[in-house]
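Remarks on the structure that follows.
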Amino acid sequence: MVEPAYTVTSDSETTGEEKSSTFPEIAIGIDIGTSQCSVAVWNGSQVELLKNTRNQKIMKSYVTFKDNIPSGGVSSQLSHEDEMLSGATIFNMKRLIGRVDTDPVVHACKNLPFLVQTLDIGVRPFIAALVNNMWRSTTPEEVLAIFLVELRAMAEAQLKRRIRNVVLTVPVSFSRFQLTRIERACAMAGLHVLRLMPEPTAVALLYGQQQQQTSHENMGSGTEKIALIFSMGAGYCDVAVTATAGGVSQIKALAGSTIGGEDLLQNMMHHLLPNSENLFKNHGVKEIKQMGLLRVATQDAIRQLSSQTIVQVDVDLGDGLKICKAVNREEFEEVNRKVFEKCESLIIQCLQDAKVEVEEVNDVIIVGGCSYIPRVKNLVTNVCKGKELYKGMNPLEAAVCGAAVEGAIASGVNDPFGNLDLLTIQATPLAIGIRADGNKFVPVIPRDTTMPARKELVFTTTHDNQTEALILVYEGEGEKAEENHLLGYFKIMGIPAAPKGVPEINVCMDIDAANVLRVLAGVVMPGSRQPAIPVMEVRMPTVDDGHGWCAEALNRTYGATLDLVTLQKKA
Amino acid sequence: MSVVVSGCSLLFWSQTCQVHGHLNFNNPMPRWRQNLAVIRCCNRGTWEIPMTQNNYYDLLGVSVDSNAHEIKEAYRKLQKKYHPDIFGQKGHEYTLMLNKAYEVLMTEDLRRKYDESIGPMRLRFGGNNTQALGYSIWKGPVKPQALFVDENACIGCRECVHHASHTFTMDETQGSARVKVQYGDNDQSIEVSVESCPVNCIHWVETEELPVLEFLIQPQPKDGYGVFGGGWERPANVFTAAKSFNKQLKRKSTIRHDQSPGGTFEESPAQAEAQARADMKIKMEGFLKIWNWVKETLGMNINKNLQ
């Protein structure tokens, strides 16, 4: 499937007007969350959050396709919140981007007012918005691009210069395929991605800057500080453990999952109206309205439960369907017990991966919209043995501020006061490897490897006189190959005929600091130092559509004829 | 004379094509590497040399008995200078090595194994050994001028060894000549030896420049990644590399000088001699540190100031 070339334009864009400037073009930082977004930039001495025409620093992430003219939450204002749930508005695009229709996250989005349909065969889901009583199809990339165009227009109007380079925050659990979709959406909006930063890494950079400033003020030598960073928004939960000293933040471990406020909301809605899936299946105008009303009421209830222990839910969905129920905090926490347990396990896993004891943690940082939920605060505090939470950051602004700082650093800005004398040494959030040893996932670059990274493994043939090998590159943590994301493939041809186990097939993977992955493969015969055939170098990902289906088709077509096994070291 | 040189170039060129015609690397190989590859193929003995890695301690600029805190500090300082976010894409290779060195030295069992494996090499490049392999020694007093063989240009004709066998020696591994004893023969034999060189690869250099030149001309082991890379490398133009090297040394010296208190005192001859030995030792220990920077710079065929 070849995607058509897109040109997304906006009335605010002034073509031809380009002011020459002697200053370097500083990249801006953008944090598009599942439900909210913000933009920040380094203004020469500090990070500044940009505001829209209604003086808002934090805006809602949605695009409304009313009257055939799409408009995003940056510049337009909904007359009331119900309008966002009328079917004409697409939101949660960050949750939908880069996913196939077998994904449970996609299925959960079927309960939203806009249309999500799936065939459950590993292709992209069908997404549509209700415009003038007609369902009009779109894609998450297009929705995101429209939104980015408005963000860009807002930033250009405020900074009075052309904006081209951006640093975006992304969830830790995003696969490389999803990262390419984000980059594509940015390209459609006329933006060049300088860096894609995992959200806790952006927070770590901001933390590093704060430690640097504190160190300067105290004339300290800058001892090492270990920080645990927990970030939970509407769509994703991310954890990182970092070591910071002298302005350098080392990411020791990362962990992430697709759980967030949206899951809490859906579970609560199901609790209030157990039969909601069946009731809303038709996606008619009446059902959409009912769905929206229930969603708004549940959202309000959850927000109030952050400050009070019991809340009354009263909503009339029409057709004699009424909900009149008192919900207390314990009830909310019990309904979402699995979500909170998953969050806790992420923190524990991250600390273990970093080989850091809880007692060694100096600062515990909680950011993201869900950081206001008492249960979330409690579970983080409990894992960290009651340690007090770090108070130096605004939970909703930390990630975008870190992205803006990274934008300044990556743009080559030099600050005379040393405020940008910073560096984040990133780590890979997921393992990358190939399929070998009979459908097993063999990691070449393990999880939490410091970037840039380059590692290699040696494999060999499984059949006598095997002259070809299929290299299937996966990303993830599952033990079987198909449990992970297929990034790409290529075939090594021309292996000299030899008994099985004799040829040495080197697979080398290289990730640079911009997170570009290259896979190299070469064949060496024992006793020789020269490659037997030309070395192959492939930039990944190469699979860009329906990768679930691709993996199954490859397996069905080739079976085990081109398989490899790991070569055992001859000690 | 020119015909001979041209013949050698043709020989290198044709052999290079034969040997590497089927490699499909994106970036063309630097010219010096092609020459070295040819030499490597002509001398089978090269393959007996183990593929040793860079010394991680020297790479990080720490001593072999430094603790975790010191290693972390050095790692962070170097990352702040050479990380691709700051230094650009050129910093990619260097940072890879830095990450690997840090990973090994910060893991207890990996470090123990590494210390065992570099035992012999430490004797060559560190410690108090002033008779390190490859460095020429002096017969009689030190003079302002010294002899140096540019081994990149040497064709191994053995003329210099024939005329001044106490001064020059053949490196059978590399197939090139080098100086073993400065002024080992009488002036007349040395003069004839220099004149007899068909490719003019023997140079009179300032004595103070000699240690840097002799260090840089030695092939340094290059870390390999399976079929990618490996082997040995040295700068194509050793004199240009020496300039960059000295510039870096001077900068470090300036920093050190600014930090030290002012004022000089008169030295006794014994003190001067001890000072000279200490300076030589410090230089040699610092060479490998700067060597990696020189490799990075020359690898791009760019000679520019780091700042």
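Order of the sequence lines sets the chain letters (A, B, ...), proteins ahead of strands, with each chain counted from 1.
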Mind checking whether [X] and [Y] have side chains closer than 4.5 Å, heavy atoms only?
| X | Y | value |
| --- | --- | --- |
| A/Thr449 | B/Asn99 | no |
| B/Gln79 | A/Gln250 | no |
| A/Met451 | B/Thr95 | no |
| B/Tyr75 | A/Ile425 | yes |

Practice task
Please say whether more than 12 non-hydrogen atoms of neighbouring residues, nucleotides or ligands are located less than 6.0 Å from CD in A/Glu360.
Solution key: yes
Exercise for the section: Flag yes if more than 12 heavy atoms outside B/Met106 fall under 6.0 Å of its CE atom; otherwise flag no. Expected result: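 Counting other residues, nucleotides and ligands, CE of B/Met106 exceeds 12 neighbours.
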Exercise for the section: Between chain B and each of A/Ala513, A/Pro452, A/Ala243, A/Ala514, count heavy-atom pairs under 4.5 Å; write down the option with the most. Expected result: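 Heavy-atom pairs under 4.5 Å are most numerous for A/Pro452.
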Problem - For chain A, the option from B/Lys72, B/His69, B/His83 that forms the most heavy-atom pairs under 4.5 Å - result: B/His83
Handout entry: Check ion pair B/Glu103-A/Arg454 (N to O, under 4.0 angstrom)
Key =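 Salt bridge absent between B/Glu103 and A/Arg454.
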Handout entry: Residue A/Leu422 versus chain B: region with a heavy atom under 4.5 Å
Key = backbone
Problem - Part of A/Ile505 lying under 4.5 Å from any heavy atom of chain B - result: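 Neither; nothing under 4.5 Å.
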